[in-house]
Amino acid sequence: MTFDDWYRQDRLPHIFCAGCGNGTIINCTLAAVDQMGWKKDDTVFVSGIGCSSRAPGYIVTDSLHTTHGRAIAFATGVKMANPDLNVVVFTGDGDLAAIGGNHFIHACRRNIDLTVVCMNNQIYGMTGGQGSPTTPRGCFSTTTPTGCVEMPFDLCELAIAAGANYVSRWTSYHVKELEKAVKVGLETPGFSFIEALVQCPTAFGRRNKFRQVADHVEYLRAHSLLKAKRDRLIEAGEAVPDDMFVVGELARRKRPALGVKP
Amino acid sequence: MILAIDETRCKGCNLCTKVCPYKIFKEGKKPNRRGIVVPELDRPERCTNCRLQQLYGRTLCGVCQLTCPDQAINWIEEQPYELKKVAIEY
Ligand SMILES: Cc1ncc(C[n+]2csc(CCOP(=O)(O)OP(=O)(O)O)c2C)c(N)n1
Ligand code: SF4
Ligand code: SF4
Ligand SMILES: [Mg+2]
């Protein structure tokens, strides 16, 4: 089997814009799920609202496409009612960190046995490009027409501080690394959070000088700083470049978890 | 096996032209019936996965397939006997 066997072929091609990174992240997640040897009947995908949250609609298993921000709340219910199910959540930066922020931190605190994949395009894609809690400083959106002046959330740091058992970050360029990270997340009991930075050519790229889709992907590649390299910089007392973001496995631990398969 | 792009799915984003280590995908020139400029394949038989996936029994490389946001890239069975014009490179 390959990841393609998890897609509802009759639903493809999907509605994402040309060059949208969401499709890449779904591929990588399904490739990891495929390697787990899970039965389709025992696997559930849950999402909220947003372009990213449309993902479960293209997958053959049972799924819940819930209200905005509540994916993790619904997923918690599914997992606590039947711990035998494998529950994977697809979410976006707005869905997870804006309207759903409280569900996110409390699911990390409770350390519920879910795997959450966040497609962070740093914008509200579906509603036309409003700034989100992860829009970087200086970036343009319809609500920050002169450049964003707020500090963004670091979603991974948030998950670590709140107590998640597994946390990692990659981008839509790092497909193999992302696939492996999702697999470790699926294997780890407790809350696993994987952030995938993605390009949104329509709402973000167009306003932020990424004329070609590949330019944005190249930006993501060039501004990724491997965790090991970051740690070496800190050890040597050197400055960590502030226009870069850390990628790699950021947390892996064994705090007490809830809803783990008996 | 041979690399192929499903024209009914490709949206012409050209990400595959960026990620293939052999640069097999080249930007297309003409729009197809749906108005999409699908990339062209430059000697796809050079792809490791085309040559070796059956021998190894698993996908090798496969970065283009994972990257393609539109699930348009696949390896399909080759016709059993197909004449190919081969240009000799010195
Ligand atoms: C309760 C509620 N408030 C607001 C909205 C409008 N809304 C729909 S999608 C969205 C933002 C989605 O952003 P994100 O989660 O980042 O997804 P993306 O489209 O970027 O993938 C908003 C605000 C809604 N559907 N429901
Ligand atoms: S608006 Fe952005 S996130 Fe939504 S489908 Fe288009 S490119 Fe993807
Ligand atoms: S990555 Fe996929 S959708 Fe984009 S041009 Fe290549 S085959 Fe087409
Ligand atoms: Mg978003």
Side-chain angles (χ1 to χ4, degrees), chain A residues 1-9 11-32 34-35 51-52 55 58-59 119 121 170-180 182 196 198-202 205 211-221, chain B residues 1-40 42 47-50 52-54 56-77:
Chain A
M1 281 219 313
T2 68
F3 69 83
D4 210 37
D5 300 320
W6 291 77
Y7 275 108
R8 288 169 72 176
Q9 302 296 333
R11 287 283 167 145
L12 298 176
H14 51 57
I15 62 149
F16 301 136
C17 307
C20 172
N22 291 349
T24 307
I25 308 309
I26 306 173
N27 290 348
C28 297
T29 306
L30 292 181
D34 186 55
Q35 289 171 37
C51 297
S52 38
Y58 299 106
I59 302 174
M119 305 175 202
N121 52 13
W170 290 103
T171 76
S172 54
Y173 176 79
H174 302 96
V175 285
K176 290 277 181 183
E177 292 89 342
L178 181 64
E179 179 189 327
K180 283 195 200 106
V182 176
V198 292
Q199 70 279 11
C200 164
T202 306
R211 292 192 156 251
Q212 299 293 324
V213 179
D215 295 346
H216 195 176
V217 177
E218 173 55 27
Y219 178 91
L220 293 177
R221 186 198 65 76
Chain B
M1 301 293 260
I2 190 88
L3 197 61
I5 297 179
D6 182 345
E7 293 220 6
T8 64
R9 289 193 183 171
C10 173
K11 292 179 188 158
C13 68
N14 280 321
L15 281 176
C16 46
T17 65
K18 178 178 169 58
V19 299
C20 173
Y22 296 96
K23 300 260 176 284
I24 286 172
F25 302 85
K26 294 269 180 256
E27 249 180 72
K29 292 183 198 80
K30 277 205 304 278
N32 67 6
R33 278 218 322 272
R34 293 161 62 231
I36 285 161
V37 186
V38 176
E40 290 165 6
D42 174 19
C47 163
T48 19
N49 202 42
C50 291
L52 300 171
Q53 65 173 303
Q54 273 166 345
Y56 282 73
R58 62 184 170 88
T59 305
L60 292 127
C61 182
V63 169
C64 58
Q65 193 191 35
L66 268 183
T67 303
C68 174
D70 292 283
Q71 296 78 38
I73 300 176
N74 232 315
W75 290 270
I76 54 173
E77 287 300 336

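Only this structure's heavy atoms are used, side chains among them; waters, hydrogens and symmetry mates stay out. A, B, ... follow the sequence lines: proteins, then strands. Residue 1 opens every chain.
The part of B/Asn74 that comes within reach of chain A is its side chain, from C-beta onward, which places non-hydrogen atoms under 4.5 angstrom from that chain. Of the atoms belonging to A/Gln212, not a single heavy atom falls under 4.5 Å from chain B. Neither the backbone nor the side chain of B/Asn14 comes within contact range of chain A; no heavy atom of the residue lies under 4.5 Å from a heavy atom of that chain. Heavy-atom distances place both the backbone and the side chain of A/Cys28 under 4.5 Å from chain B. With a 4.5 angstrom heavy-atom cutoff, A/Ala31 touches chain B only via side-chain atoms. Only the backbone of B/Cys61 comes within less than 4.5 Å of a heavy atom in chain A; its side chain stays farther off. Of the two parts of B/Thr59, neither the backbone nor the side chain holds a non-hydrogen atom closer than 4.5 Å to a non-hydrogen atom of chain A. For A/Gln199, the part lying under 4.5 angstrom from a heavy atom of chain B is the side chain only.
A donor-acceptor contact shorter than 3.5 Å links the side chain of A/Asn27 to the backbone of B/Cys68. Although no hydrogens or angles enter the test, the distance criterion places a donor-acceptor pair under 3.5 Å between the side chain of B/Lys11 and the main chain of A/Phe16.
Interatomic distance, B/Leu66 CG to A/Ile25 CD1, rounded to the nearest 0.5 Å: 10.0 Å. Atom CG of residue B/Leu15 and atom SG of residue A/Cys20 lie 10.5 Å apart, to the nearest 0.5 angstrom.
Put simply, the residue from A/Leu12, A/Thr24, A/Leu30 that forms a side chain to side chain contact (heavy atoms under 4.5 Å, CB included) with B/Gln71 is A/Leu12.
Surrounding CZ of A/Arg8 are more than 12 heavy atoms belonging to other residues, nucleotides or ligands, all under 6.0 Å away.
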